[in-house]
Amino acid sequence: MTQRVCLCVRARARVRTSVKRSVVWAVRGERSLKTVTAHRLAACRPSPPPKPPVRIAPRQQNRERQTLSHSAPSFVNAAGRKNTGTMPERRPFVRLPTDVSPVNYGLCLKPDLIDFTFEGKLEALVEVTQATNQIVMNCADIDIITASFVPQGGEEINATGFNYQNEDEKVTLSFPSALQKGSGTLKIDFVGELNDKMKGFYRSKYTTSAGDVRYAAVTQFEATDARRAFPCWDEPAIKATFDITLIVPKDRVALSNMNVIDRKPYPDDENLVEVKFATTPIMSTYLVAFVIGEYDYVESQSSDGVTVRVYTPVGKAEQGKFALEVATKTLPFYKDYFSVPYPLPKIDLIAIADFAAGAMENWGLVTYRETALLIDPKNSCSSSRQWVALVVGHELAHQWFGNLVTMEWWTHLWLNEGFASWIEYLCVDHCFPEYDIWTQFVSADYTRALDLDALDSSHPIEVNVGHPSEVDEIFDAISYSKGASVIRMLHNYIGDEDFRKGMNAYLLKFQNKNASTEDLWDCLEQASGKPIAAVMGSWTKQMGFPIIVVDQEQQGDDRILKLSQKKFCASGPHNGEECPNWMVPISICTSVDPKCTKLNVLLDRPETTITVSGVGPDQWVKINPGTVGFYRIQYSSSMLESLLPGVRDLSLQPVDRLGLQNDLFSLSRAGMISTVEVLKLMEAFVNEPNYTVWSDLSCNLGVLSSLLSHTDFHEEIQEFIRDLFTPVGLELGWDSKPGEGHLDALLRGLVLGKLGKAGHKPTLEEARRRFKDHVEGKQILPADLRSPVYLTVLKHGDSTTLDTMLKLHKQADMQEEKNRIERVLGAISAPDLIQKVLSFALSEEVRPQDTVSVIGGVAGSSKQGRKAAWKFVKDNWEELYNRYQGGFLISRLIKLTVDGFAIDKMAAEVKSFFESHPAPAAERTVQQCCENILLNAAWLKRDADDIHQYLLQRKAPPV
């Protein structure tokens, strides 16, 4: 999931000022769905907009409440040594019976964009493999009106009962006699709700250029929400083809996975049209999609003849051109890489106003947040362009890896997401080599995964998933970022040629089918002749990763290296009796050629000794060049000392300078070295030119600054930051220079933001001057400078500054600009203004999915902000939980709000709150946050005094 010509084509007609209510849609049986819906809703229909959600199925109103019977979270004790706490209690779960399975879904849906309901007719061709008098399907928040079964060549049999199992999101259709083995047609009429939860078939609010509020009807089915749009066999391994028809207002765009094959007036209402789409390939239900709304589009064709369209809000077609460029380059790239053509005639990429995730890879109709798809040539910053490129690359990779070949069950989700999270970088590197994107991967994904996976409350890449409520928990940095990191390591271990051969064999063998992790390992093993299953099993089936401890000895012209592995834990070395081992691909380089691997070995035991020949006493040796292996390294003091000049003189590759610093920072947090040693190393980066290295340094200093906000010497670490960043800030200046590129723009924004936040006076004064000119319209800020300027003036601003920023937010026409402002509002310092920002987060001015980043911005800005944000979340928990319905956004909200605390009692408070306010999909996140709080507290107790002394001494005049 992440993140690219021709003239704009108008994709819809002008909307009339009022939309006539739909008239009755006749269905099988004596009752019309429209009549049923009208009777159910008449009593509770409110006066005109905004309309609250309408409950269609009253018996299912308490479904979310009923899923809360999980065990409470537990966490590591203050010593942090070993987490004996239990993981969330597993709920009993049984997959769907296999006696009836779908072959083709004939699905017709008629959404009502006024009442936020929809009517549906399903005619599914099914195969009965074993005689049965009932059919069990998935169904949630849907009312079935009638159901019947027509055996091939036989008489229609009406269902005599519908038994809803709400907790398991299933319905059992009972029949008066056994359905015999063979083919038949299952017919179901049903009604449902266009909900406001950003899942299933839901409504998405948008505002027209004239200021009118309207709604689109859109879908988000992964992981288990197709069942909210139509009764179905909602499991990834139960594939079928789909014939979809949508009955929609004639002035709206209607899209689905396939191309339109017929569009005709709807006979019962002249304001509606019936849009029929071509039959899909055989596919899983979670990849089905449909969108009804108002959109413009830009269109092109890829070099291999696939029609590509990017749909945008009306009047913003220009903003779809960058994503169109990326998509038309990406499809042929993947076709060549996999040696398998894209199997559909078209692909649409569409920006959705209200969208929980970054994007969703629905086959042939990929949905995106606006900020993950739209680029304004004048007002989008460089980081946004990069993000869009990555997200488009990620989602299009899924068209093969996930859609053509699909995981057999959610246990193998990591394979989908980890692979796409790796190859998106390969794709962007192909399209935009100037981005140096693989170095950025190490900072964005690799180190993030290492940090999470060092926790005792982490989980293996492969998690046995049962009940659907458990799926949301594994859409995390382990599945995505660790998954991507170990695939990167595997690709490096195998080599590109054999990797591509294995991938091609896998896709050809399992196309239109389902596969497991082991199926991929088999194909790669056959292609490479290496023990892939044995190596990778140690990385996917056990949680965590090793720290490689390295010492050396010189013997003549040979360097003798002693390597050992043990599990790395965020709380210190693993000293348990049963220490896991990994099969670790180890690569080694020397100072003779830091970019070239001199030796490769597979460390398949706890320790070994390696001889590296032809290495003189004055040369250094580096483990893991390119920072590809997924492990931390602890060098002996002499080896580390020999590597430091490579940081200062830049002879170490940027990615290795980054990796060295990040390893040491992580070791300091784990108590294995002093944090002072890391601060000394950081000062060696004063001449660093690389954006990504600075980005990682900045991130780690941010963690340290947050930690030290709990002390009375927070200003001293700000001074350290100012001293470290001032030279590069002076060199870069405020304005771009001829010949600068993408990475220079990213670095300038990073450095100025860091200096401004830390209170660097010249930066603050210049930011205020430029902000004033921007607000007055004298000199509009370049997009790349807006975030650092906004952050700086807010951090050191007052109520007038905040009011001005909120005014800019209201005036902004582009969602990227609104998000840019929302993310920095929390920097304001005054307690009353912090409360104003928190209230703003839940206002109509902020889209539901963006509330989380506003609250997170407050929590991450200061000690006061963290306390206020946590209290706000507790006080508004019912509204926030109801808004996100236990999805992954609730996990993100919890993490952003509480992860920065560093007092033991806060871990107990957080634990206690979530015992009494259960959030099943976030239980693991709660455990991880409690563990992090205790780790922070232990770190502070252990190192605070030494850090303080060092910060004072470095400024003391020489004696």
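Keep in mind that this is a model prediction, so the values were computed, not measured.
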Closest heavy-atom contact between Pro102 and Ala240?
-> O-CB, 3.9 Å

Between His491 and Asp496, does any side-chain donor sit less than 3.5 Å from a side-chain acceptor?
-> yes

Side-chain donor-acceptor pair under 3.5 Å between Asn514 and His412, yes or no?
-> no

Does Arg95 make a cation-pi contact with Trp233 (under 6.0 Å, within 45 degrees of the axis)?
-> no

Across all chains, not counting sequence neighbours, the side chain to side chain contact (heavy atoms under 4.5 Å, CB included) partners of Asp445 are Tyr425, Phe441, Ser481

Across all chains, not counting sequence neighbours, the side chain to side chain contact (heavy atoms under 4.5 Å, CB included) partners of Asn504 are Ser339, Val340, Leu508

For the residue pair Asn362 and Val288, establish whether any side-chain heavy-atom pair is separated by less than 4.5 Å.
-> no

Sidechain-backbone polar pair: Trp539 side chain, Met583 backbone, donor-acceptor under 3.5 Å | yes

Validation row: Phe333, Phe338 side chains within 4.5 angstrom (heavy atoms) = no

Scanning both residues in full, the closest heavy-atom pair of Thr540 with Pro460 reads O-CB, 3.7 Å

Side chains of Thr517 and Trp414, donor plus acceptor under 3.5 Å | yes

Pair Tyr506 and Phe401, ring centroids less than 6.0 Å apart = yes

Please report the C-alpha distance between Asn624 and Thr627 in whole Å, then the side-chain angles of each, then the deciding distance to 0.1 Å, and finally whether the side chain to side chain donor-acceptor pair (under 3.5 Å) criterion is met.
-> CA-CA 5 Å; Asn624 201 18; Thr627 314; 5.2 Å; no

Compute the centroid of each ring, for Phe888 and then for Phe475, and state whether the two points are separated by less than 6.0 Å.
-> no

Is Glu361 close to Glu222 at the side-chain level, that is, under 4.5 Å between some pair of heavy atoms?
-> yes

Are any non-hydrogen side-chain atoms of Leu186 and Leu173 less than 4.5 angstrom apart?
-> yes

Got a donor-acceptor contact below 3.5 angstrom from the Lys197 side chain to the Asn882 backbone?
-> yes

Do Lys170 and Phe93 meet the cation-pi criteria used here (NZ or CZ under 6.0 Å from the six-membered ring centre, within 45° of the axis)?
-> yes

Ignoring hydrogens and angles, tell me if any N or O in the side chain of Gln399 forms a donor-acceptor pair with the backbone of Glu395 under 3.5 Å.
-> yes

Can you tell if the side chain of Tyr105 reaches within under 4.5 Å of the side chain of Phe230, non-hydrogen atoms only?
-> yes

Answer yes or no: is there a donor N or O on one side and an acceptor on the other, between the side chain of Gln165 and the main chain of Asn163, under 3.5 Å?
-> yes

Side chains of Ile142 and Cys139: does their closest heavy-atom pair fall under 4.5 Å?
-> yes

Using the test salt bridge (charged side-chain N to carboxylate O under 4.0 Å, His left out), find all partners of Arg448 that sit at least two apart in sequence or belong to another chain.
-> none

Quick one: which residue pairs count as a salt bridge (charged side-chain N to carboxylate O under 4.0 Å, His left out) with a foot in residues 525-541, not counting sequence neighbours?
-> Glu462-Lys541, Glu518-Lys541

Candidate pair Ser516 and Glu408, rule side chain to side chain donor-acceptor pair (under 3.5 Å), full reasoning | CA-CA 6 Å; Ser516 67; Glu408 194 279 332; over 6 Å; no

Closest contact, heavy atoms only, Ala670 versus Cys569 | CB-O, 3.7 Å

Does any donor atom in the side chain of Asn257 or Thr280 lie under 3.5 Å from an acceptor atom in the other side chain?
-> no

Is there a ring-ring contact (aromatic ring centres under 6.0 Å, His included) between Trp409 and Tyr286 once you walk through the steps?
-> CA-CA 12 Å; Trp409 185 245; Tyr286 81 89; over 10 Å; no

Quick one: are Leu889 and Gln849 in side-chain contact, heavy atoms under 4.5 Å?
-> yes

Within-4.5 Å side-chain heavy-atom neighbours: Leu344 and Met258 | yes

So which heavy atom on Ser284 is nearest to which on Pro236, and how close?
-> OG-O, 2.6 Å

SB check Asp451 Arg632 (cutoff 4.0 Å) = yes

Take Tyr337 and Ile423 through the side chain to side chain contact (heavy atoms under 4.5 Å, CB included) test and state the conclusion after the steps.
-> CA-CA 10 Å; Tyr337 194 84; Ile423 205 169; 4.0 Å; yes

Where Cys523 and Gly502 come nearest, the two heavy atoms and their spacing = CB-O, 3.6 Å

Approximate separation, where rounding is to 0.5 Å, of Asn932 CG and Leu455 CG | 5.0 Å

After noting the C-alpha distance and the side-chain angles of Gln220 and Tyr202, does the key distance pass the side chain to side chain contact (heavy atoms under 4.5 Å, CB included) rule?
-> CA-CA 8 Å; Gln220 170 59 40; Tyr202 71 94; 4.0 Å; yes

Is it the case that Thr224 and Asp234 place a side-chain donor and acceptor less than 3.5 Å from each other?
-> no

Determine, stepwise, if the pair Ser538 / Asn581 fulfils side chain to side chain donor-acceptor pair (under 3.5 Å).
-> CA-CA 7 Å; Ser538 71; Asn581 278 321; over 6 Å; no

Short side-chain to backbone donor-acceptor contact, Ser458 and Ala454, under 3.5 Å = no

Looking just at side-chain N and O atoms, do Glu931 and Ser457 make a donor-acceptor pair shorter than 3.5 Å?
-> yes

Step-by-step ring-ring contact (aromatic ring centres under 6.0 Å, His included) determination, Phe545 to Phe630 = CA-CA 7 Å; Phe545 58 89; Phe630 193 75; 5.5 Å; yes

Run the numbers on Trp400 and Tyr342 for side chain to side chain contact (heavy atoms under 4.5 Å, CB included), then give the verdict.
-> CA-CA 7 Å; Trp400 285 263; Tyr342 174 73; 3.7 Å; yes

Side chain Arg369, main chain Asp354, donor-acceptor under 3.5 Å = no

Who pairs with Pro580 by side chain to side chain contact (heavy atoms under 4.5 Å, CB included), at least two apart in sequence or on another chain?
-> Gln542, Lys567, His574, Trp582

Out of Gln928, His459, Arg892, Arg924, which one pairs with Asp476 under the side-chain hydrogen bond (donor to acceptor under 3.5 Å, both in side chains) rule?
-> His459

Passes side chain to side chain contact (heavy atoms under 4.5 Å, CB included), Leu490 versus Met536? Steps please.
-> CA-CA 8 Å; Leu490 172 64; Met536 295 307 292; 3.9 Å; yes

Got a sec, which residues hit ring pair (Phe, Tyr, Trp, His ring centres under 6.0 Å) with Phe221, two or more places apart in sequence or on another chain?
-> Phe290

If only atom types and distance count, is the side chain of Thr330 paired as donor or acceptor with the main-chain N or O of Gly393 below 3.5 Å?
-> no

All heavy atoms of Ala449 vs all of Ala477, minimum pair found to be CB-O, 4.2 Å

List the steps and the verdict of side chain to side chain donor-acceptor pair (under 3.5 Å) for Asp99 and Thr129.
-> CA-CA 5 Å; Asp99 49 7; Thr129 55; over 6 Å; no

